[in-house]
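So the structure is just underneath, and the comments pick up after that.
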Amino acid sequence: MKYNFNAIEKKWQKIWSERQTFKAENNSEKSKYYVLDMFPYPSGAGLHVGHPLGYIASDIYARYKRHKGFNVLHPMGYDSFGLPAEQYAIQTGQHPALTTEANIKTYRRQLDQIGFSFDWSREVRTSNPEYYKWTQWIFIQLFESWYNYESNKAEHVDTLVKVFEADGNQNINAACDDDTEVFSADQWKAYSKVEKQHILLKYRLTYLAETEVNWCPALGTVLANDEIVNGVSERGGHPVIRKKMTQWSMRISAYAERLLQGLDTIDWTDALKDIQRNWIGKSVGASVTFNVTASEAKQSHQIEVFTTRPDTIFGTSFMTLAPEHELVSQITTEAQKAEVEAYIEATAKRSERDRMADVKTISGVFTGAYAEHPFTKEPIPIWIGDYVLASYGTGAVMAVPCGDQRDYDFAKHFDIPIPNIFEGVDISEEAFADKDKTIIANSDFINGMNYKKATKRVIYELEQIGQGKGKTNYRLRDAVFSRQRYWGEPFPAYYVDGMPQMIATEHLPLTLPEVEKYLPTEEGEPPLGRATHWAWDTDQCAVVSNQLIDHETVYPLELNTMPGWAGSSWYFFRYMEDAKRNEVFASEAALNYWDSVDLYIGGSEHATGHLLYSRFWVKFLYDRGYVSVNEPFKKLINQGMILGTSAFVYRYNWSLGIDGAISKPPIFISKTFLDKIKSKDYALSDNCEAIDSIIGELSSKHQAVFMEAQIRSFPFTAIHADVSFINAANELDIRKFRDWREEFAEAYFIDSEGKLINEDNGVFHVERDVEKMSKSKFNVVNPDEICEQYGADSLRLYEMFLGPLEQYKPWNTAGITGVHGFLKKLWKLFHQGENNTFYVDASPLGKSEGAESFKTLHKTIKKVEEDIENFSFNTSVSTFMIAVNELTAQKCASKAILEPLLILVSPYAPHIAEELWEQLGHMESIATAPFPKFEEKHLVESSKNYPISFNGKMRFTLELPLDMSKEDIEKTVLAYEKTQEQLQGRTPKKVIVVPGKIVNIVG
RNA sequence: GCUGAAGUGGUGGAAUUGGUAGACACGUUGGACUUAAAAUCCAAUGGCCAUUAUGGCCGUGCGGGUUCAAGUCCCGCCUUCAGUACCA
């Protein structure tokens, strides 16, 4: 019988599906274990071999846990709202729901063929109304909550209103907008309904506010900070500008401290925790209030700054405000007005990207105003400068040039004094910022103190004069939550007198209406502004034409939709529910039973997005009593990326020429030859036959272009060639390449010798380089083909065999023959003799052979179990290979050995394991067969092949009994002839004997 | 700049608490089988030197150190990758 992997894999995938082998039970005697993958966005490109890496790892762990007797929840679903489907819809008119549905079908087929043990009965899709009903519901709960720093948790706004009624907001310690005014209980009671709502909005955990947002004109939407990478949008790489807009935001900043503290309670890698810690960016210091003195303004002003170095306050020689700071216009003197306004305008024009790219240029303007130093009462000039960010702290700094390099550079540039307040430090060249070595001088009451003492004292003194206090600042900003897009969750909100109101929860879900086009309206409203009919109508009210009609009164609806991370922030709870109840997002029993995710595997690119937002929502749901866990993911592993090996060809860059209008045949040049001519030991004009002949063939106009450009430089640029045109020797299939794109049909190819070649004569070598696997780089490898050619088990094994799970590693399909060969050898262990008939002996083996085989088995059990527990899957694949090689050499055919071996292999290569398991006579799936127990007795050795080293260098080995005493080992080794040979008559100074390990002779 | 991770053969990568560096594969070379190819099997494979064989020297990014013994520990660098970017 042959190892027919295609048939075997199909057979078992069908059986698993029919028998629901991997369905998790919500009521079970067994202990629970929850293994989760980050659910995919179903893109049109389908899966490439990089995608399943994490899924394979989690699947191995899930299967292992089943063998270990756990009731395992291992679900899968789709993050099915998102930009690409909508961009596609804009281009083609195809409804995103249809494209998404089609993409999901492809994903499902591709996932199924790899043989994952998912419980598909629990599948979720974030774009399904019965799912996003609960996303909307959570949004409403957030809207109806505020954060109480006193109890340190979120509470219903009713409790806030009670406080306002009793005491106003003067003594409350709550998370709120910076510009919240102070009022008394009487004032509160006097406010109108709308005014009250306006104030409450400043406290809600999701709120509407005019803020500076990242606007992406190309996508026509705002983006959150984590959706911007290097100043451009994460999706599509479009430029992003700052813009003031009224948007929904999430008050995640209220949770900054708890998100930070919570990291200590979870088992994530330090690398990932550090990314989140940096993103939260806690800094401890003080807020200090400076009074503006010499201003021409009639009313008096105060400038609040945040500093982490209150101890350096006596070194303040100027202040700097962000150009956008609200006080700038009020304090600027007449004389400076023109200059200041010009500067503000110039700064506003610069894009975020320019400002980022250009850190070195120092710019700023003096406002003409002065502030008074809180202690010395000296006047301090107030400047504006774009090195101060409006969005961090208070948008203003007290500049201490001797202690901060940026202030130092600014002071030097504008000739502002740099007073030295450090003892024994030279600041003539640069600022001194080392806290630990700081001794304060020239600073009145803190002279001679260190950083810690001085800081404490300054804060105390500031409090005494009412001009400051200790303060902690976080870099974490509130997250913008609205998107001006179609394909997302509609907000369950409408407006009354301009104030947002939530739709009653019994009317949820508010389903996404149909629109004609997926573009903004002519009035600039989001696409939902085009909707004429919304799906639900009830007795009390109806939604028609962008409006909610309630008892004859008409109210406008919210037309933005939620961002991609809304649905992914809580999906792990929905999986817990086996019955998909409509009345709860997950039943209490399910939530209590499954608790939280025990193992979460996914990419580290979600560190500051999904992984932070999920933690935030879970903490919120916990505060409000909807879930009983504080953190969603107990243990998290980031799988590394599988990289593709791209192929590059170098194309002559015609666009550098003078004429772009005429079509010109592309010229491709071998990298070797290009390097040759670049290195100048090859004079192009003299020797290059190929280029001469190309020029000969070109029209005179083209000739001129080519020659002209040559003179300037060698304008060849690397472009990607599809890796399917490249053979193992890195040679390009020229014919396929020409057929690939119309513009390449007439292309010229110059080989490494500088000769002109075509598909019939000569070879053209491509350059190869490893980069991210992506369709746009033409380096993707499709798992379908791998499964077809080698089988899913080979794919699974090979992905694991490539290297440590968390590491980035290049894909090379050629290597898969190694693991495929292993599976064939495993098959052969069961099918022996001339006809490869199934042959496993149930009777005991001969004595010596049996002992050897038991040793092989048990050393494999030990290693594989340790490996899985440590997520070191690559080393267990090696271990399997060693085991099968050994058992083959031992001619092992014993059921007592081979049966447990199958269970070990089963998590990795489940199809072949099931098939052989069945052939051994089992009627039940191998999936829940108990994991073999390791028994030390099989590994007990009586002797050890000792490495004998001289001065630390191993020279030979010597077999000695393990129970031999130290002294006897020394004696035996010294008496050994090879030892004497090595010593050549010298007497060893010292002999180190480590029993069971090594002997080292020092001489 | 700051934070984190990592540097081992031609390649992917192994190596318990410091104890035989290069497991297991890929690739390459040679051989067997075959009309041939594929498949399969066998052998060799870190570098250098020497050889009939035995053998010797050098080797885990670089420079130091600790130790009987260092890929592993300590100090100082270099390089690559990732995150962050005027965070006061």
Side-chain angles (χ1 to χ4, degrees), chain A residues 225 229-231 269-279 281-283 285 305-309 312 319-320 322 355-362 385-389 391-400 403-407 409-410 433 473-477 604-605 607-608 638 640-641 728 797-798 801-804 806-819 821-822 824-825 828 863 866 872 874-882 885 945-957 978 981 988-994 996-1003:
Chain A
N225 287 342
V229 179
N230 297 325
T269 61
D270 288 334
L272 200 80
K273 287 185 182 181
D274 270 322
I275 293 173
Q276 290 208 346
R277 282 191 193 108
N278 282 334
W279 190 261
K282 179 179 184 173
S283 36
V305 301
F306 173 73
T307 178
T308 54
R309 296 295 303 272
T312 65
M319 296 183 76
T320 315
R355 267 170 86 163
M356 264 168 63
D358 173 29
V359 178
K360 289 201 178 90
T361 313
I362 294 159
D386 68 359
Y387 81 97
V388 176
L389 304 177
S391 57
Y392 182 77
T394 60
V397 299
M398 58 173 226
V400 183
D404 182 288
Q405 195 56 42
R406 291 154 307 175
D407 296 342
D409 295 340
F410 195 88
N473 226 334
Y474 299 90
R475 217 175 60 124
L476 182 69
R477 310 253 62 87
S604 60
E605 67 271 20
T608 53
N638 293 121
M641 205 182 282
L797 279 173
Y798 189 49
F801 187 60
L802 278 179
E806 299 177 73
Q807 203 166 297
Y808 279 51
K809 46 215 173 253
W811 178 268
N812 173 20
T813 304
I816 201 169
T817 53
V819 293
F822 155 74
K824 286 197 216 165
K825 282 185 209 164
K828 260 189 148 171
K863 177 81 174 122
E866 282 169 6
S872 173
N874 55 327
T875 47
S876 6
V877 179
S878 305
T879 306
F880 291 139
M881 290 174 170
I882 295 167
N885 287 344
N945 202 15
Y946 277 92
I948 313 296
S949 35
F950 294 79
N951 296 319
K953 284 176 195 162
M954 207 281 285
R955 283 291 115 106
F956 55 86
T957 57
K978 279 195 178 174
E981 232 171 78
K989 280 194 198 119
K990 205 170 170 189
V991 178
I992 313 276
V993 176
V994 185
K997 282 253 164 86
I998 200 167
V999 177
N1000 190 16
I1001 297 162
V1002 187

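Since the structure is predicted, the reported quantities are computational estimates derived from the model, not experimental observations. Every heavy atom of this structure was used, including side-chain atoms; hydrogens, water molecules and symmetry mates were not. By convention in this document, chain letters (A, B, ...) are assigned in the order of the sequence lines, proteins followed by strands, and residues within each chain are numbered from 1.
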Within the pair [X] and [N], is there a side-chain N or O less than 4.0 Å away from OP1 or OP2?
| X | N | answer |
| --- | --- | --- |
| Tyr808(A) | C81(B) | no |
| Lys990(A) | C68(B) | yes |
| Asn885(A) | A25(B) | yes |
| Thr875(A) | G13(B) | no |

Comparing Asp274(A) and Asn874(A) on RNA chain B - which has the more 5′ nearest nucleotide: Asp274(A)
Where each residue is assigned the nucleotide of RNA chain B containing its nearest heavy atom, which of Arg475(A) and Ile275(A) is assigned the position nearer the 5′ end? Ile275(A)
Report the distance from atom [atom1] of [X] to atom [atom2] of [N], rounded to the nearest whole Å.
| X | N | atom1 | atom2 | answer |
| --- | --- | --- | --- | --- |
| Met881(A) | C26(B) | CE | C1' | 10 Å |
| Arg277(A) | A85(B) | CZ | P | 18 Å |
| Asn638(A) | A82(B) | CG | P | 15 Å |
| Lys828(A) | U40(B) | NZ | C1' | 6 Å |
| Asn1000(A) | G19(B) | CG | C1' | 9 Å |
| Trp811(A) | G13(B) | CH2 | P | 14 Å |
| Ile992(A) | G18(B) | CD1 | C1' | 13 Å |
| Lys953(A) | C58(B) | NZ | C1' | 9 Å |

[atom1]-based separation of [M] from [N] [nearest Å]:
| N | M | atom1 | value |
| --- | --- | --- | --- |
| U60(B) | A15(B) | C1' | 11 Å |
| A69(B) | U17(B) | C1' | 15 Å |
| G13(B) | G7(B) | C1' | 13 Å |
| A44(B) | G63(B) | C1' | 37 Å |
| C73(B) | G18(B) | C1' | 8 Å |
| G71(B) | G55(B) | P | 23 Å |
| C33(B) | C81(B) | C1' | 48 Å |
| A21(B) | C58(B) | C1' | 14 Å |

Pairing nucleotide - [N], Watson-Crick or G-U, each distance under 3.5 Å:
| N | result |
| --- | --- |
| U34(B) | none |
| A88(B) | none |
| G12(B) | C24(B) |
| C81(B) | G4(B) |
| A43(B) | U29(B) |
| A70(B) | none |
| G18(B) | none |
| U51(B) | none |

Which label fits G9(B), syn or anti, where anti is any glycosidic angle not within 90° of 0? syn
[X] side chain vs [Y] backbone, donor-acceptor pair below 3.5 Å:
| X | Y | value |
| --- | --- | --- |
| Arg477(A) | Ser391(A) | yes |
| Ser283(A) | Tyr474(A) | no |
| Tyr946(A) | Lys997(A) | no |

Sugar-phosphate, base or nothing in reach of [X], heavy atoms under 4.0 Å:
| X | answer |
| --- | --- |
| Gln405(A) | nothing |
| Thr817(A) | sugar-phosphate |
| Val994(A) | base |
| Lys824(A) | sugar-phosphate |
| Arg955(A) | sugar-phosphate |
| Lys825(A) | sugar-phosphate |

Beyond-backbone contact of Lys863(A) with Ile882(A), side-chain heavy atoms, under 4.5 angstrom: no
On a plain distance test, is the side chain of Lys997(A) in donor-acceptor contact with the base of U17(B) below 3.5 Å? yes
Which nucleotide in the list A88(B), C26(B), C24(B) gets nearest to the side chain of Ser878(A)? C24(B)
Heavy atoms from C-beta onward define the side chain here; which of G19(B), C24(B), G13(B) lies closest to that of Phe801(A)? C24(B)
With salt bridge (Lys or Arg N to Asp or Glu O under 4.0 Å) as the test, would you mind laying out the steps for Asp274(A) and Arg277(A) before giving the verdict? CA-CA 5 Å; Asp274(A) 270 322; Arg277(A) 282 191 193 108; 3.6 Å; yes
Please work out which of the three classes, parallel, tilted or perpendicular, describes the rings of Phe306(A) and Tyr392(A), given edges at 30° and 60°. perpendicular
Which label fits Tyr798(A) and Trp811(A): parallel for a plane angle under 30°, tilted from 30 to 60°, or perpendicular past 60°? perpendicular
CZ of Phe822(A) to CG of Leu797(A), rounded to nearest 0.5 Å, is 6.0 Å
